[in-house]
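Working notes, structure below.
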Amino acid sequence: MQYRTIAHTAVSAVGLGAMPLSIEHRPDETRAIATIHAALDAGVTLIDTADSYHWHAGEEGHNELLIARALARYGGDTSGILVATKGGRGRPGDGSWTVTATPDHLKQAAEASAKRLGVDAIGLYQLHKPDPAVPWAESVGALRELLDAGTIRAAGISNVTTAQIRQAHQILGDGLASVQNQYSPAVRDSEPELQLSTRMGLAFLPWSPLGGVSRSSLDGPSGPTSIGTAFHRIAAERGVSPQQIALAWLLARSPAVIPVPGASRPASITDSARAVELTLSAEELLQLEAGPRWRGSAVVSADEAPSPH
């Protein structure tokens, strides 16, 4: 495994996005825990979650509790695992997503997440999405208070603009460690945020990083898939999966990039972790730069969710 840095902490260059283990079409707990254990066996030391990663009403924290159980049952050393969670979104149970980023809510949510994860302080706590009803500075100010109180060790922000990154940095200073936006072969709108994060020394965690090579978990087994892209062609030439090529491409974009591909099966995360072994040539990178670039459920990872993230 290769490593990159979040807030002076070395983590695996490819993380695990744990959301598919708790949302719609989730696997049973035996397979879910086996998937997390497979990630650890493959050298993954970053697990990304959120208090809103659940399916039904009244299940808040389902994914965090699942991760805590999986880590407790793992036979190896888990002291070097960074569990990054998020707060500020909700799921009423009808398939929709809500946003609540008031300071009081974020502080209470962080404390609840720490309890579910069984930690004294959360290694990386991310504001899940800006709340249009709350001034950005107030939401970020709650992260500052959580840092000062020792509830969290580092702060991150998600689904943000360059202006919001700059303002968050003014408030949080060195406490701001990461940015998590949608970024993939198919969706590259956050290129400015990626470049700014790189210049500022912030980790950039692309969510839905496999968009453009396979299907979303929320589409179900009958959902559409994409085929025939440069990612698929180069994968066939290399004898690896298109997902590995997509992740290798992301890693080549910037040393700040740490993809967190979702997985609901052990084989998926085992395959994704192998992307760190690939070095793409200049010619291959040129071919991949050309596409695909489109939006929609047809181009999101088989183990990830689309824009509601």
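Just so it is clear, the model here is predicted, and its values are computed rather than measured.
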Ignoring hydrogens and angles, state whether a donor on the side chain of [X] or [Y] is under 3.5 Å from an acceptor on the partner side chain.
| X | Y | value |
| --- | --- | --- |
| Trp207 | Asp48 | no |
| Tyr183 | Glu191 | yes |
| Ser79 | Asp77 | yes |
| Ser113 | Glu64 | yes |
| Thr102 | His105 | no |

Is it the case that the side chain of [X] and the backbone of [Y] share a donor-acceptor pair, with hydrogens and angles ignored and the cut-off at 3.5 Å?
| X | Y | answer |
| --- | --- | --- |
| Asn159 | Lys129 | no |
| Arg188 | Pro185 | yes |
| Arg265 | Thr35 | no |
| Ser158 | Gln180 | yes |
| Ser264 | Pro27 | no |
| Thr161 | Gln164 | yes |
| His232 | Val213 | yes |
| Asn181 | Val160 | yes |
| Ser184 | Leu210 | no |

State, yes or no, whether a side-chain contact exists between [X] and [Y] at a heavy-atom distance under 4.5 Å.
| X | Y | value |
| --- | --- | --- |
| Lys107 | Leu146 | yes |
| Leu21 | Ile33 | no |
| Ser208 | Val187 | no |

Over all heavy atoms of both residues, which pair between [X] and [Y] is shortest? Give the atoms and the distance, please.
| X | Y | answer |
| --- | --- | --- |
| Ile152 | Leu143 | CD1-O, 3.9 Å |
| Ile6 | Leu46 | CD1-CD2, 4.1 Å |
| Ser22 | Asn63 | OG-ND2, 2.8 Å |
| Ala10 | Thr45 | O-OG1, 4.4 Å |
| Ala273 | Val44 | CB-CG2, 4.3 Å |
| Ile171 | Arg144 | O-CD, 3.4 Å |

Can a salt bridge be assigned to the pair [X] and [Y] using a cut-off of 4.0 Å between side-chain N and carboxylate O?
| X | Y | answer |
| --- | --- | --- |
| Arg91 | Glu59 | no |
| Arg89 | Glu60 | no |
| Arg73 | Glu29 | yes |
| Glu284 | Arg233 | no |

State the [atom1]-[atom2] distance between [X] and [Y], to the nearest 0.5 angstrom.
| X | Y | atom1 | atom2 | answer |
| --- | --- | --- | --- | --- |
| Ile36 | Leu71 | CD1 | CG | 7.0 Å |
| Thr49 | Met19 | OG1 | CE | 10.0 Å |
| Ile269 | Leu16 | CD1 | CG | 4.5 Å |
| Leu250 | Arg253 | CG | CZ | 8.0 Å |

According to a 4.5 Å side-chain heavy-atom criterion applied to Ile, Leu, Val, Met, Phe, Trp and Tyr, with indirect links allowed, do [X] and [Y] form part of one hydrophobic cluster?
| X | Y | answer |
| --- | --- | --- |
| Leu285 | Ile245 | yes |
| Val99 | Leu106 | no |
| Met200 | Leu172 | yes |
| Tyr125 | Val134 | no |
| Leu278 | Leu288 | yes |

Please walk me through it: do Thr198 and Ser254 pass side chain to side chain donor-acceptor pair (under 3.5 Å)?
CA-CA 7 Å; Thr198 302; Ser254 163; 2.7 Å; yes
Would you please classify the geometry between the Trp97 ring and the His128 ring as parallel, tilted or perpendicular, with 30° and 60° separating the classes?
perpendicular
Is it true that, when you exclude Asp120 itself, more than 12 heavy atoms of the residues, nucleotides or ligands shown sit nearer than 6.0 Å to its CG?
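Open: at most 12 neighbouring heavy atoms sit under 6.0 Å from CG of Asp120.
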Knowing that exactly one of Arg4, Gln244, Met1 qualifies, which makes a side-chain contact (heavy atoms from CB on, under 4.5 Å) with Val276?
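Only match with Val276 under side-chain contact (heavy atoms from CB on, under 4.5 Å): Met1.
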